[in-house]
Amino acid sequence: MITLGSGRLSLCCRLLCLLLGCVSSEAIIATVGTDVTLICNYDVQTYGKLSVCWGRGAIPSRGCASEVIRSDGTTVSGKLSDRYLLSGNLDEGDVSLTITQVVESDSGMYGCRVEIPGWFNDHKHQLTLTVVAAPPNPLKVETREVRERSVTVRWTPVFDGGRPITSYRVNVKNKQEPWNSALSTEITNTEVIQVTIFDLRPATAYNLCMFATNSVGMSASSNVLTITTKEAAPEGPPLDIYLKALSSRMIIVTWKPPRPELRNGVLRGYKIHYREYDPADKQPNSWLYRSVTTTRESTVLTDLEPSTKYRVIIQAKTNAGFGPTSTDLLCSTMDEVRTTTEVASVESPSTAATKRRQDISSSSAAYTTTTVESSTASTVWTQSTTSVMSVHPDPPVVKLKEVRGNTITLSWTPGSQGGSPITRFLLKYKALDAPWDYTRIDFSPNQTEATLIEMHNFTYIICMFAMNSQGTSKASNVLTITAGEAGQQRVDVVFTTPSDTRAAAAVGESHNSHLAAIVMPLVLVVLIVVIVTTWQLRRIKRKQGSLSMWVTNGAIRIRGSESLQEL
């Protein structure tokens with residue numbers, strides 16, 4: 001047995017390889033479509049620049065088999081194809097071979113031979129290249145057309161990975177949802193480069209990506225598209241429609257928008273159709289309509305006929321058009337209210353005096369409401385019946401609720417609101433003898449009662465107005481109220497609708513004559529009582545001589561036998 005040291009064995013192997021032409025070898029695996037570099041170097045400092053060749057197959061005893069490229073040590077002197085390159089630095093002895101865009105047919109053995117002067121001195125390096133196929137490269141997708149319920153995309157053909165592409169896959173999902181909820185569509189016709197995806201929702205944002213597949217596998221994902229489909233007309237009608245008659249010529253309509261998933265875009269408005277109800281439906285094309293912006297979900301139908309039933313339907317609108325109509329509903333306007341306006345007659349002094357005596361003799365009531373009637377000596381104004389619809393509200397009807405000392409309590413009933421809701425009520429009053437400079441008090445539209453306190457012992461003229469966004473109503477009926485001690489108050493209700501302050505002042509002047517008619521009879525009665533009392537006292541004095549008497553609350557009471565004092 002011969003035993004050699006490890007150093008001696010390595011040296012012997014080298015000498016044997018030199019004598020027998022041994023070749024170093026290695027294996028390389030590459031993917032189709034990539035660039036592969038096969039390494040080969042020599043020592044320029046020792047040998048200088050040398051000729052080099054690369055061939056396919058085992059390296060023969062001389063040269064290179066199936067030579068693909070050659071260099072003289074300085075430049076490339078020949079090559080089989082532009083795919084073969086010596087991309088290393090030749091001046092430093094780097095003669096590595098680079099093969100661009102390898103295909104499966106590039107697989108095999110490659111040999112590098114560096115021609116060193118002298119026998120058995122050539123440097124030989126041999127490599128085995130294996131090129132394998134791969135999945136296709138990722139696709140590049142772009143949008144071609146977007147509609148309400150579909151989208152069309154196209155892509156550019158890519159490298160197939162060395163094997164033919166067998167199918168494409170399109171994944172589409174709602175932008176707000178995860179990719180595992182995506183809908184996948186398989187395209188087996190690999191000759192197409194465009195596809196249209198249907199059954200999408202209008203006005204909805206989607207994400208879309210694609211994959212290519214060959215026999216090796218599936219490519220990585222393409223670029224992701226974000227696509228928003230166009231708006232469409234709503235698919236659902238407005239909901240919870242409510243109708244209510246406001247007056248003989250107005251109906252208010254309220255509603256809610258369609259369900260969100262049926263709107264198909266941003267709601268831009270509504271169309272309200274209405275017409276008189278016809279049980280026989282003989283007027284199918286006689287609809288009137290009104291458009292309302294989406295910021296409002298109510299409207300008032302005006303200029304309608306009194307005591308008439310109307311059919312109402314509503315449609316919602318997007319930029320793409322109007323949706324389906326709601327179920328038609330019925331609503332009747334109110335009966336027309338006719339209000340009779342009267343102006344009280346101016347009474348003669350004798351008639352007024354008679355009525356005031358009746359008021360004075362009635363001490364059980366805190367105040368008296370007098371209905372003024374005309375007489376033969378009166379100047380009577382013509383009565384008129386009005387029923388006028390306008391954009392202004394109707395005047396309220398004011399009533400006296402209570403007079404207690406210097407406090408007056410009023411209530412009122414609103415009339416028709418007119419073209420828009422009442423925003424406030426305005427109360428105006430003045431003393432009977434004062435000039436017509438209004439004292440104004442504002443009340444909210446929901447208030448129907450008020451109490452005026454700290455009123456002086458005057459006779460007041462009071463009226464009220466209703467106001468809305470269209471303007472101010474005419475004046476209400478005018479109340480003439482006297483504030484003071486219990487048993488002294490009175491109120492004259494004058495049914496009139498003065499259109500300005502002059503008319504109200506004229507009513508005030510008519511009440512001055514009423515006051516004069518009251519005062520004169522009172523003075524006359526007092527004088528008669530004084531005369532009768534004096535006469536009775538003198539008569540008693542002559543009969544019995546000594547009685548002391550005084551008058552309390554209109555009754556004569558005897559206190560005792562004291563010296564008689566003459567009144």
Got a second to check how far Ile462's CD1 is from Leu479's CG, nearest 0.5 Å?
6.5 Å

So how far is it from Glu177 CD to Leu183 CG, rounded to the nearest 0.5 Å?
11.0 Å

Taking all heavy atoms of Lys428 and all of Phe465, pick out the closest pair and write down the distance.
CD-CE1, 3.5 Å

Flag, side chain of Thr229 to backbone of Ala203, donor-acceptor distance under 3.5 Å:
yes

Do other residues, nucleotides or ligands put more than 12 heavy atoms under 6.0 Å from Lys399 NZ?
no

Whether the side chain of Gln417 engages the backbone of Ile422 through a donor-acceptor N/O pair (distance < 3.5 Å, no angle test) should be reported.
yes

For Thr423, side chain to side chain contact (heavy atoms under 4.5 Å, CB included) partners two or more places apart
Met467

Nearest-0.5 Å distance, OG of residue Ser184 to NZ of residue Lys173:
12.5 Å

Check step by step if side chain to side chain contact (heavy atoms under 4.5 Å, CB included) holds for Lys244 and Met250.
CA-CA 9 Å; Lys244 181 180 179 181; Met250 292 187 296; over 6 Å; no

So, for Pro393 and Gly471, which heavy atoms are closest and what is the spacing to 0.1 Å?
CD-O, 3.9 Å

I'd like to check the side chain to side chain contact (heavy atoms under 4.5 Å, CB included) partners of Ser307; sequence neighbours left out, ordered by chain and number.
Asp335

Please collect all ring pair (Phe, Tyr, Trp, His ring centres under 6.0 Å) contacts where either partner lies in residues 295-318, sequence neighbours excluded, each pair once.
none

Please enumerate all residues that pass side chain to side chain donor-acceptor pair (under 3.5 Å) together with Thr451, with sequence neighbours excluded.
Thr409

Checking Thr196 now: which residues fulfil side chain to side chain donor-acceptor pair (under 3.5 Å) with it, not counting sequence neighbours?
Thr152

Closest non-hydrogen atom pair, Leu267 against Pro257
CD1-CB, 3.7 Å

Between Ile481 and the options Ile461, Leu410, Thr459, the side-chain contact (heavy atoms from CB on, under 4.5 Å) test singles out Leu410

Can you sort out the partners of Arg263 under side chain to side chain donor-acceptor pair (under 3.5 Å), two or more places apart, ordered by chain and number?
none

Would you mind reporting whether Glu305 and Ser248 have side-chain heavy atoms less than 4.5 Å apart?
no

Taking Glu231 for its side chain and Val266 for its backbone only, find out whether a donor-acceptor pair lies under 3.5 Å.
yes

Can any side-chain N or O of Trp412 pair as donor or acceptor with the backbone N or O of Gln447 at less than 3.5 Å?
yes

Set out, in order, the CA-CA distance, both residues' side-chain angles and the distance that settles side-chain hydrogen bond (donor to acceptor under 3.5 Å, both in side chains) for Asn264 and Arg201, then state yes or no.
CA-CA 8 Å; Asn264 292 343; Arg201 295 292 306 167; 3.1 Å; yes

Between Arg311 and Tyr274, is the side chain to side chain contact (heavy atoms under 4.5 Å, CB included) condition met? List the steps.
CA-CA 5 Å; Arg311 293 177 60 188; Tyr274 61 95; over 6 Å; no

Which of these passes side-chain contact (heavy atoms from CB on, under 4.5 Å) with Leu304: Thr302, Thr308, Leu301?
Leu301

Residues passing the side chain to side chain contact (heavy atoms under 4.5 Å, CB included) test with Asn180, sequence neighbours excluded, are Pro178

Under the salt bridge (charged side-chain N to carboxylate O under 4.0 Å, His left out) test, residues paired with Glu145 that sit two or more places apart:
Arg147

Non-hydrogen atoms of Trp179 and Val224 that approach each other most closely:
CZ2-CG1, 3.8 Å

Between the CZ atom in Arg169 and the SG atom in Cys209, the distance rounded to the nearest 0.5 Å is 10.0 Å

With the side chain counted from C-beta on, respond yes when Leu208 and Ile197 share a heavy-atom pair under 4.5 Å apart, and no when they do not.
yes

Return each pair, listed once, that meets ring pair (Phe, Tyr, Trp, His ring centres under 6.0 Å) where at least one residue sits in residues 228-267; pairs must be two or more places apart or across chains.
Trp255-Tyr270

Atom of Cys331, atom of Ala245 and distance for their closest heavy-atom approach
SG-N, 3.8 Å

Mind checking whether Thr299 and Ile272 have side chains closer than 4.5 Å, heavy atoms only?
yes

Tell me every residue that passes salt bridge (charged side-chain N to carboxylate O under 4.0 Å, His left out) with Arg144, counting only those two or more places apart in sequence or in another chain.
none

Is any side-chain heavy atom of Asn171 less than 4.5 Å from a side-chain heavy atom of Phe211?
yes

Check the pair Glu297 / Lys256 against salt bridge (charged side-chain N to carboxylate O under 4.0 Å, His left out), numbers first and verdict last.
CA-CA 6 Å; Glu297 292 173 359; Lys256 292 182 181 179; over 6 Å; no

With side chain to side chain contact (heavy atoms under 4.5 Å, CB included) as the test, would you mind laying out the steps for Arg149 and Lys230 before giving the verdict?
CA-CA 8 Å; Arg149 302 177 187 275; Lys230 293 183 178 181; over 6 Å; no

Taking all atoms of both residues into account, what is the closest heavy-atom pair of Val192 and Asn189, and its distance?
CG2-O, 3.0 Å

Less than 4.5 Å apart, side chain to side chain, heavy atoms only: is that true for Val253 and Ile241?
yes

Would Val146 and Thr228 satisfy side chain to side chain contact (heavy atoms under 4.5 Å, CB included), going step by step from the backbone distance to the final call?
CA-CA 8 Å; Val146 178; Thr228 301; over 6 Å; no

Would you call Asn223 and Lys140 a side-chain contact if the rule is heavy atoms closer than 4.5 Å?
yes

For residues 313-324, which residue pairs pass the salt bridge (charged side-chain N to carboxylate O under 4.0 Å, His left out) check, not counting sequence neighbours?
none

Pair Glu276 + Lys309, salt bridge at N-O below 4.0 Å:
no

Tell me every residue that passes side chain to side chain contact (heavy atoms under 4.5 Å, CB included) with Ile441, counting only those two or more places apart in sequence or in another chain.
Leu427, Tyr429, Phe443, Leu452

Quick one, Ser326 and Gln315 - any side-chain contact, counting heavy atoms below 4.5 Å?
no

Heavy-atom donor-acceptor pair, Ser167 side chain to Thr188 backbone, under 3.5 Å:
no

Got Ser222 and Pro138 here, is their nearest side-chain heavy-atom distance under 4.5 Å?
no

Checking the side chain of Thr226 only, and the main-chain atoms of Asn207 only, is there a donor and an acceptor separated by less than 3.5 Å?
no

